[in-house]
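Side chains included, hydrogens not; waters and symmetry mates left out as well; all remaining heavy atoms used. Note that this is a predicted model, so its numbers are computed, not measured. When a ligand or atom number is given, it counts from 1 through the structure's own listing order.
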Amino acid sequence: MAEDLAVTGATKEEKYRSLLAQVKGLTAGESDAVANMANICAAIKYGLGYFWAGFYLVKGGELVLGPFQGPVACTRIRKGRGVCGQCWEKGEALIVDDVSRFPGHIACSSRSKSEIVLPVRNREGQIVGVLDVDHDAVGAFDQTDKRCLEEIAALAGL
Ligand code: SME
């Protein structure tokens, strides 16, 4: 494989398309979901320059920290708690422009200012985890992130 990813494009959409093609190459033929999640997190953080990218996985009735890239983070999140727990409970993606204005936000790092969390489903459609991506600027995430991160998360093969 190439030594590193090379993300090209002027717009966010183009950067995601470039990244997606490479992540598809990295995950195709790899059946281990942990390996794929680990590479997906590195691709998002280092390919797009986001502050933190990681998976929380449903285990024993709560979300438990899985593969991630970025500063250390909280390990367990209960259903309905924080952005991740609410995403899991509602079964829908949440975009938080300013985490300081989100009631119940769990601050793992004071440098994280905006956040997007998406449910990750298995082949049967059950939510088996969430993908959480953080930025150190307010208002960093939009519908392009939602659409493209959903595509990327599906490549984990959970
Ligand atoms: N902020 C998240 C917790 C996870 S960290 O951002 C890595 C939340 O409120 O659920």
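Val120 and Ala153 make their closest contact through CG2-CB, 4.1 Å (heavy atoms, listed as atom of the first residue, atom of the second, distance).
For atom 8 (C) of ligand 1, the nearest protein heavy atom (residue, atom name, distance) is Val83 N, 3.3 Å. Nearest non-hydrogen protein atom to atom 1 (N) of ligand 1 is Ile106 O, 2.7 Å. Nearest protein heavy-atom neighbour of atom 10 (O) of ligand 1: Cys84 N, 2.8 Å. In this structure, the protein non-hydrogen atom closest to atom 2 (C) of ligand 1 is Glu115 OE2, 3.1 Å. Given atom 4 (C) of ligand 1, the protein heavy atom at minimum distance is Asp132 OD2, 3.3 Å. Closest to atom 6 (O) of ligand 1 among all protein heavy atoms lies Asp134 OD2, 2.8 Å. Nearest to atom 5 (S) of ligand 1 among the protein's heavy atoms is Cys108 SG, 3.2 Å.
Not a single heavy atom of Phe102 sits less than 4.0 Å from an atom of ligand 1.
Residue-ligand proximity, His105 to ligand 1, at heavy-atom distances under 4.0 Å covers atoms 1 (N), 9 (O). Annotation for ligand 1: atoms under 4.0 Å from non-hydrogen atoms of Trp52 are 7 (C).
For Arg17, the CZ atom sits in a packed shell: over 12 heavy atoms of surrounding residues, nucleotides or ligands are nearer than 6.0 Å. Under a cut-off of 6.0 angstrom, the local environment of NZ in Lys59 is sparse, with at most 12 non-hydrogen atoms contributed by other residues, nucleotides or ligands.
By the 4.5 Å heavy-atom criterion applied to side chains, Asn122 and Ile127 are not counted as neighbours.
Using modelled atom types, one finds no donor on one side chain facing an acceptor on the other under 3.5 Å when comparing Tyr50 with Asp136.
With respect to the salt-bridge test (charged N to carboxylate O, under 4.0 angstrom), the residues Lys12 and Asp142 qualify. Note on Glu62 versus Arg76: salt bridge recorded, some NZ/NE/NH1/NH2 to OD/OE distance being below 4.0 Å.
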